[in-house]
Asks: 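Structure in structure tokens, see below.
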Amino acid sequence: MSTEPTSGYAPPPEPSGFAPASRSGPRHRAAGDDPASESALRIVWLCPDLLSTYGDRGNMLILARRAYVRGIPVETIEVRSDEPVPQEGDIYLLGGGEDGPQALAAQRLNANQGLHRAVARGATALVVCAGYQLIGTSFFAKGAKCAGLGILDITSDRGATRAVGELASEADPALNLPTLTGFENHGGRTHLGPGLTPLARVTTGVGNDGATEGVWHGKIIGTYMHGPVLARNPALADLLISWAIGSPVAPIDDTWPNRLRAERLAAIRG
Ligand code: GLN
């Protein structure tokens with residue numbers, strides 16, 4: 001049988017050279033289950049009931065998988081918007097969403113303040129599209145200006161048209177990442193305060209404003225890239241894991257992610 005990829009999904013082969021942490025794979029639990037083990041890398045996906053467009057669950061799964069194949073014990077926790085934000089997380093994730101759910105997520109996260117506390121103590125965070133907009137001070141949803149979480153000095157207003165399509169960019173050189181690739185679909189335009197650094201410079205698409213894309217501040221990455229973003233950009237996933245564990249991670253076999261990347265970057269060129 002051919003080993004070449006086809007248009008259907010085939011699971012990637014097991015990477016060689018890294019012993020899985022256990023046979024059972026990453027541990028998944030709900031917010032109310034037993035507390036996470038102290039030694040595990042704890043990945044917390046917030047508001048999956050409100051913010052989960054374009055396969056945002058994939059970001060959690062990819063982080064878990066990439067930690068697991070390196071022998072890092074890992075636990076994923078999904079926390080609905082009406083549940084308290086756990087404080088023991090190492091990496092927090094927020095996904096994209098439509099305006100209404102986005103506004104509700106901001107209200108609930110503001111009422112809870114748990115994400116604020118987590119990032120203030122140095123937790124790693126990846127926030128995507130609606131999640132990215134709502135960590136700023138304000139954003140627009142259904143024509144109304146909404147209070148964001150105020151975690152970063154970012155505001156979002158609305159563009160004349162929706163930004164829809166492929167988004168490619170070159171990351172800040174200090175991050176040492178290859179070309180970033182994703183899919184964007186948003187009405188908002190985002191403006192960074194003076195103390196903030198964009199994640200990347202846009203080469204195709206719109207991102208924040210047609211020139212810059214996302215934000216990078218400490219261990220927080222905000223982006224307009226869907227895809228899910230970590231499926232298309234495994235080096236970004238590894239960067240988040242390395243921030244969370246406090247040390248670099250060894251390379252793994254990225255044959256399949258690299259095929260996806262090559263396909264999407266060729267689609268832009270073609
Ligand atoms: N509702 C926001 C906007 O349209 C975010 C959209 C999204 O997350 N895809 O700008």
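Whatever order the structure lists ligands and atoms in, that order sets their numbers, starting from 1.
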Asks: Please check if the side chain of Asn208 supplies one atom and the backbone of Gly214 the other of a donor-acceptor pair under 3.5 Å.
Replies: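 Yes.
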Asks: Which residue and atom name correspond to the protein heavy atom nearest atom 7 (C) of ligand 1, and how close is it?
Replies: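 Sorting protein heavy atoms by distance from atom 7 (C) of ligand 1 puts Cys129 SG, 2.9 Å first.
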Asks: Measure from atom 5 (C) of ligand 1 to every heavy atom in Gly97, Gly188, Gly159, Gly96 and give the option owning the shortest one.
Replies: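 Nearest heavy atom to atom 5 (C) of ligand 1 lies in Gly97.
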Asks: Starting from atom 1 (N) of ligand 1, what is the nearest protein heavy atom, named by residue and atom, and what distance separates them?
Replies: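 Checking every protein heavy atom, the shortest distance to atom 1 (N) of ligand 1 gives Asp99 OD1, 2.6 Å.
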Asks: Applying a 4.0 Å heavy-atom criterion (strictly less than), which segment of His186 is in contact with ligand 1: side chain, backbone, both, or neither?
Replies: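 Contact part for His186 vs ligand 1: both backbone and side chain.
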Asks: Are the side chain of Arg264 and the backbone N or O of Thr181 linked by a donor-acceptor pair below 3.5 Å?
Replies: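 No: the side chain of Arg264 does not pair with the backbone of Thr181.
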Asks: Check Lys142 against ligand 1 and report side chain, backbone, both or neither, counting heavy atoms closer than 4.0 Å.
Replies: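 No part of Lys142 comes within reach of ligand 1.
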Asks: With the threshold set at 4.0 Å, does a side-chain nitrogen-carboxylate oxygen contact exist between Arg189 and Asp157?
Replies: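 So Arg189 does not pair with Asp157 through a salt bridge.
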Asks: Does Asn185 approach ligand 1 within less than 4.0 angstrom via side chain, backbone, both or neither, non-hydrogen atoms only?
Replies: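 Backbone only.
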Asks: Taking 4.0 angstrom as the limit and counting only heavy atoms of Gln102, give me the atoms of ligand 1 inside it, by number and element.
Replies: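 It comes down to these atoms of ligand 1: 1 (N), 2 (C), 5 (C).
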Asks: Decide whether an N or O pair under 3.5 Å exists between Ala130 and ligand 1.
Replies: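 Between Ala130 and ligand 1, an N or O pair is found under 3.5 Å apart.
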Asks: Against heavy atoms of Arg158, which atoms of ligand 1 measure under 4.0 Å?
Replies: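 In order of numbering, the contacting atoms are 3 (C), 4 (O), 10 (O).
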Asks: Give a yes or no answer on whether the side chain of Arg261 reaches the backbone of Arg232 with a donor-acceptor pair at less than 3.5 Å.
Replies: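 At least one qualifying donor-acceptor pair exists.
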Asks: So, Arg121 side chain and Arg117 main chain: donor-acceptor pair closer than 3.5 Å or not?
Replies: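 No.
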Asks: Quick one: do Asp90 and Lys219 make a salt bridge, cutoff under 4.0 Å?
Replies: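 No, Asp90 and Lys219 are not salt-bridged.
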Asks: Going by the atom numbers of ligand 1, which of them fall below 4.0 Å from some non-hydrogen atom of Arg162?
Replies: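 That gives atoms 4 (O) of ligand 1.
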Asks: Would you confirm whether Thr155, through its side chain, and Ser138, through its main-chain N or O, come within 3.5 Å as a donor-acceptor pair?
Replies: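 No, because the side chain of Thr155 does not come within donor-acceptor range (under 3.5 Å) of the backbone of Ser138.
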Asks: Hey, which atoms in ligand 1 end up nearer than 4.0 Å to a heavy atom of Gly187?
Replies: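 Matching atoms, with element in brackets: 3 (C), 4 (O), 10 (O).
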Asks: Under a heavy-atom criterion of less than 4.0 Å, does Glu184 contact ligand 1?
Replies: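 So Glu184 does not count as touching ligand 1.
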Asks: Spell out, as yes or no, whether a donor-acceptor pair under 3.5 Å connects the side chain of Asn112 to the backbone of Arg108.
Replies: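 No.
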